[in-house]
Amino acid sequence: MINSTTALYLTFLASFLSIGYALFTAYYVLSKDDGNERMKEIAKAIQEGAGAFLAREYKSIAIVAIVIFAILWALGLKSEHFGLLTALGYLTGALLSGLAGFIGMFVAVRTNVKTAEMAKNGLSKALNLAFRGGSVTGFLVTGFGLLAIAGFYTISVYVFKQSVEHTIKALIGLAFGTSLISVFARLGGGIYTKAADVGADLVGKVEAGIPEDDPRNPAVIADNVGDNVGDCAGMAADVFETFTVTTVAAMVLGHTLFDKPGTVGIAMMFPLLIGAIASVSAIIGTFFVKLGKSKNIMGAFYKGMVVTAVIALIIIYFVSKGMFGNGLTYSWGRVTPIDVFLSSVIGMAITGLLMFVTEYYTSYEFSPVKSISKASTTGHATNIIQGMAIMLKAPALPAIIIALGIFFSYKLAGIYGIAIAAAAMLSLTGMIISIDSYGPITDNAGGIAEMAELDETVRAVTDPLDAVGNTTKAVTKGFAIGSAALAALVLFAEYTRSIGGLTSFDLSNPLVLVGLLLGGLLPFYFTAMSMEAVGIAGGQMVEEVRRQFKTIKGILEGKAKPDYAACVDIVTKEALKKMIAPGLIPVLGPIIVYILFGKISLGALSMGSIITGFFVAVAMTSGGGAWDNAKKHIEDGNFGGKGSEAHKAAVTGDTVGDPLKDTAGPAINPMIKIINIIAILIVLTNL
């Protein structure tokens with residue numbers, strides 16, 4: 001029978017395998033050819049821009065992080081559950097979250113040029129290299145996540161000789177650290193990438209009539225940098241946070257439900273072991289990501305996902321039987337090994353279904369995107385109207401899928417079943433992030449091919465890779481949002497236990513209604529501030545690009561070189577300045593509500609933010625992805641092709657959708673979890 005100690009050892013082994021695989025893959029990818037001197041020059045500019053932005057962003061985040069570290073430490077003077085250990089947990093989560101994003105982006109901005117060069121050898125080899133580059137980020141996220149939780153737990157219990165209860169509370173601090181980094185990384189990277197995109201598209205494409213990645217466009221380097229800081233480093237921090245928070249929440253819930261004080265049971269360690277099993281399964285799954293005879297790129301990714309899930313579930317089946325034996329009993333009823341296993345199946349099934357639904361709404365192989373392309377033929381307004389219709393439809397199926405998943409997993413094993421489903425869903429993170437990080441790599445590869453004026457056969461390879469990259473990024477965001485909703489629900493369940501076992505909120509109580517209304521408001525106001533930030537920064541980019549076209553003689557004729565650095569500097573400054581205010585909303589909001597209205601309203605605030613946050617996030621990410629691929633569908637020669645009136649309308653729609661799908665929508669994921677974590681931290685301080 002597998003006990004909690006064995007589960008901990010296996011988790012360490014899995015984390016080392018994941019990190020080792022990521023480093024080996026990085027070595028393999030970085031050994032490939034960078035192409036000619038012009039390609040190297042362009043790639044270097046992207047690398048320098050991305051590195052400079054991330055360094056400045058992390059310095060800004062560090063100031064906030066240090067202040068909160070000091071506050072958490074100081075709270076130890078008022079509560080036995082807090083102190084240096086919780087503050088160190090917070091710092092550990094923040095550091096590893098930032099490190100995963102930094103290393104992943106370091107490899108991604110070097111894989112792009114290598115993918116462009118590999119595209120000369122055909123679609124299959126270019127796909128393989130881009131995916132391998134993305135998998136570095138994917139497996140660092142899972143490896144560091146498992147190492148953070150298992151390592152911090154081990155050091156706390158066996159080195160500092162802290163009690164299990166104290167360690168559990170400190171793990172919530174670790175989850176908070178990952179969440180804080182995530183929300184700022186999402187906001188900063190998202191504002192950067194979309195402000196740069198606005199300048200590149202509206203002035204370059206629409207006004208000047210030149211291609212998106214044309215080297216004459218002053219915003220082109222900033223645009224390519226943005227793909228990496230937003231969709232690689234930002235997404236890595238986002239899903240690292242979701243993976244860590246979900247696992248910690250499930251562990252805490254398992255401990256409070258089943259374990260006697262001072263003991264560590266299998267229910268607490270099982271969620272951690274699920275992540276370990278799936279991370280190793282994902283390593284095997286990567287070798288099945290290959291093009292078949294149909295040359296279906298998404299099909300290649302689905303093969304890797306299916307293999308990963310099947311291998312993981314087979315192992316989980318036997319492990320659950322070995323760990324849970326005759327089952328466990330608690331107040332809700334009895335949990336058997338098959339209940340736990342089926343809850344895991346539900347979690348992975350939710351992942352697959354959400355991926356399919358998101359692809360349906362964002363791929364131009366299906367009717368939603370085609371309907372937006374068609375609407376573009378009658379103008380800008382009809383493009384926006386149809387895009388908004390698709391955006392508002394998009395959350396329906398994900399909501400139904402998650403609702404059914406919650407219902408059936410609860411029927412199987414109560415709230416612990418929901419926690420296991422969420423942990424199983426997040427256990428596929430390694431493969432999911434590998435697929436996501438592939439997106440910015442192929443986007444940059446196409447841009448480098450355009451700027452370096454490579455043969456059209458290269459763009460014939462990078463363009464379909466890039467189009468699928470838009471879908472994979474949307475699919476990953478759908479996964480992140482769905483898992484965030486489940487993770488937040490598990491955190492909310494722990495909150496109700498932390499305030500004395502309250503299991504219901506009476507709607508006739510005005511304090512509940514106040515909390516629900518304010519909680520429902522926060523995602524909307526957070527989104528509004530994020531969108532305004534993109535609009536202001538994007539406006540400055542538009543003015544700068546227009547200025548260069550007017551004042552630098554010969555720029556449009558290709559006789560003069562644009563000032564790329566000026567655009568990079570403008571968008572960097574604005575992104576870092578504008579990310580602070582919205583990033584503080586999920587931190588200050590719960591504190592203010594608690595001070596004014598108390599614990600009941602604070603709990604209702606958490607629930608309200610989960611409900612509206614889920615719908616707003618899904619609508620924005622799917623709608624924005626649909627607008628983006630509607631533009632690409634037209635650029636492929638449909639409804640008039642590039643330069644047509646339909647194309648101009650589609651560019652407008654894409655510009656509207658960009659900050660929805662890459663800034664505001666994804667940032668809601670960490671936002672709703674920060675609100676719930678802050679709520680738990682407030683209760684545990686006993687202020």
Side-chain angles (χ1 to χ4, degrees), residues 242 245-247 249-250 252-254 256-258 267 270-271 274 309 313 316-317 320 324 327-358 393-428 478-497 501-507 512 516 519-520 603-604 606-615 617-619 669 672-673 676:
T242 306
V245 168
T246 304
T247 305
V252 171
L253 195 64
T256 57
L257 284 172
F258 297 106
F270 188 67
I274 289 177
L313 285 173
I316 289 170
Y317 172 77
S320 61
F324 286 88
L328 297 173
T329 302
Y330 73 117
S331 59
W332 181 86
R334 187 165 184 78
V335 176
T336 67
I338 196 65
D339 292 333
V340 175
F341 169 70
L342 291 177
S343 296
S344 303
V345 173
I346 289 172
M348 292 194 183
I350 290 174
T351 298
L353 290 170
L354 287 180
M355 288 182 68
F356 176 76
V357 169
T358 308
K393 287 180 180 179
L397 286 175
I400 293 170
I401 291 167
I402 291 176
L404 291 174
I406 290 171
F407 176 80
F408 287 113
S409 57
Y410 185 84
K411 281 290 184 182
L412 286 167
I415 192 66
Y416 186 67
I418 298 175
I420 292 300
M425 188 177 178
L426 264 300
S427 69
L428 297 172
F479 161 80
I481 293 163
S483 58
L486 284 178
L489 183 62
V490 175
L491 286 169
F492 177 74
E494 181 57 29
Y495 174 82
T496 62
R497 291 182 168 277
L502 181 65
T503 57
S504 64
F505 286 81
D506 186 355
L507 291 178
V512 173
L516 286 173
S606 300
M607 183 53 68
S609 69
I610 295 170
I611 299 300
T612 61
F614 169 77
F615 284 102
V618 174
N669 304 343
I672 62 175
K673 291 194 290 297
N676 282 270

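- Distance alone, capped at 3.5 Å, is enough to place a donor-acceptor pair between the Y416 side chain and the A267 backbone.
- Contact check for L516 versus I611: no side-chain heavy atoms found under the 4.5 Å cut-off.
- Atom OG of S409 and atom CG of L486 lie 7.5 Å apart (nearest 0.5 Å).
- Taking every heavy atom of both residues into account, S483 and T246 meet most closely at O-OG1, 4.4 Å.
- No side-chain heavy atom of P398 sits less than 4.5 Å from a side-chain heavy atom of T358.
- Atom CE in M425 sits 5.5 Å away from atom CD1 in I402 (nearest 0.5 Å).
- Across all non-hydrogen atoms, the minimal contact from L354 to G478 is CD1-O, 4.1 Å.
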Practice problem: I would like to know whether I346 and L412 meet side-chain contact (heavy atoms from CB on, under 4.5 Å); could you show each step before the answer? | Solution: CA-CA 10 Å; I346 289 172; L412 286 167; 3.7 Å; yes

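- Residues passing the side-chain hydrogen bond (donor to acceptor under 3.5 Å, both in side chains) test with T612, sequence neighbours excluded: none.
- Contacts classified as side-chain hydrogen bond (donor to acceptor under 3.5 Å, both in side chains) and involving residues 339-349 (residues at least two apart or in different chains) are given here: T336-D339.
- Here the CD1-CZ distance, from I672 to F492, works out to 13.0 Å after rounding to the nearest 0.5 Å.
- Considering only heavy atoms from C-beta on, F341 comes within 4.5 Å of L313 through its side chain.
- To the nearest 0.5 angstrom, I406 atom CD1 is 5.5 Å from I418 atom CD1.
- Looking at every heavy atom in both residues, G482 comes nearest to F614 through CA-CE1, 4.4 Å.
- Between L489 and I610, the closest heavy-atom pair is N-CD1, 4.0 Å.
- Taking CD1 of I274 as the reference point, atom CG of L428 lies at 10.5 Å (rounded to 0.5 Å).
- How far OG1 of T351 is from CG of L426: 7.5 Å, rounded to the nearest 0.5 Å.
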